[in-house]
Every structure is written in C-alpha cells, then in structure tokens.
Amino acid sequence: MARSFTPQTHEKLVKELAERENVTRREVAAQIRTAREFGDLSENAAYKDAREAEQQNESRIFYLKNILKDATVIKETAGASSRVV
C-alpha cells in the first residue's frame with residue numbers, strides 16, 4: 001500500500017532513515033563491542049540490552065525503507081487538511 005506524505009514528512013522520514021543507518025548502527029555496534037568485553041554473554045545485561053537496541057533499530061530501518069519505497073509526496077494546498085496518513 002502506497003502512502004502519501006507531505007514534503008516535510010517525507011524529508012523527516014528520509015533523514016531518520018539516514019541517521020539510523022549511518023549513526024545509530026555504529027553507536028549500537030560500539031555498545032555491543034563494549035558489552036562483550038564484560039565477559040559471559042549469557043548473564044550480561046548490557047549485552048542483551050545492546051542486542052535489543054540493535055534489533056529495534058534494524059526493525060525501524062526495515063519499516064522506513066518499506067514505507068518510503070512506494071511513498072508519494074503530495075503538495076499541500078490551501079484549505080487542505082494538514083493531517084496526512
């Protein structure tokens with residue numbers, strides 16, 4: 001299902017995707033590396049938290065890519081609702 005977005009919303013989503021792919025991924029990877037240094041991974045809460053953060057970030061990246069691949073950017077007109085689904 002294609003979604004329609006205002007130019008501002010589309011730009012916001014594109015920026016979020018870029019941030020998550022280029023910055024958040026690196027930050028989470030660094031957290032995972034640091035947590036591994038704490039030792040036993042089976043009882044390592046920091047490692048589990050970092051892996052969960054990684055999964056959440058990757059899920060959001062997947063979602064953003066899917067909605068943006070078929071997205072339509074619409075022009076706002078005077079009197080049109082500012083709410084876009």
Reported CZ-to-CG distance for the pair Phe5 and Leu68, which is rounded to 0.5 angstrom
6.5 Å
So, applying side-chain contact (heavy atoms from CB on, under 4.5 Å) with Glu54, which one of Thr24, Val28, Asp49 is it?
Val28
CG (Leu13) and CZ (Arg3) are apart, to the nearest 0.5 Å, by 9.5 Å
If we only count heavy atoms from C-beta on, is the Ile61 to Leu17 side-chain gap below 4.5 Å?
yes
Who passes side chain to side chain donor-acceptor pair (under 3.5 Å) against Thr72, sequence neighbours left out?
none
Over all atoms of both residues, closest heavy-atom pair of Ala35 and Ala46:
CB-C, 3.7 Å
By side chain to side chain donor-acceptor pair (under 3.5 Å), which residues pair with Arg60, not counting sequence neighbours?
Glu16
Gap separating the OG atom of Ser4 from the NZ atom of Lys75, nearest 0.5 angstrom:
14.0 Å
Residues forming a side chain to side chain donor-acceptor pair (under 3.5 Å) with Asn57, sequence neighbours excluded
Arg20
Contacts of Ala18 that satisfy side-chain contact (heavy atoms from CB on, under 4.5 Å) - sequence neighbours left out:
Asn22
Applying salt bridge (charged side-chain N to carboxylate O under 4.0 Å, His left out) as the test, list every pair that has at least one member in residues 61-74; sequence neighbours left out.
Glu21-Lys65
For residues Glu11 and Pro7, determine if any side-chain heavy atom of one lies less than 4.5 Å from a side-chain heavy atom of the other.
no
Qualifying salt bridge (charged side-chain N to carboxylate O under 4.0 Å, His left out) pairs, either residue in residues 23-35, two or more places apart
Arg25-Glu58
Are Tyr63 and Val14 connected in a single hydrophobic cluster, I mean Ile/Leu/Val/Met/Phe/Trp/Tyr linked by side-chain heavy atoms less than 4.5 Å apart?
yes
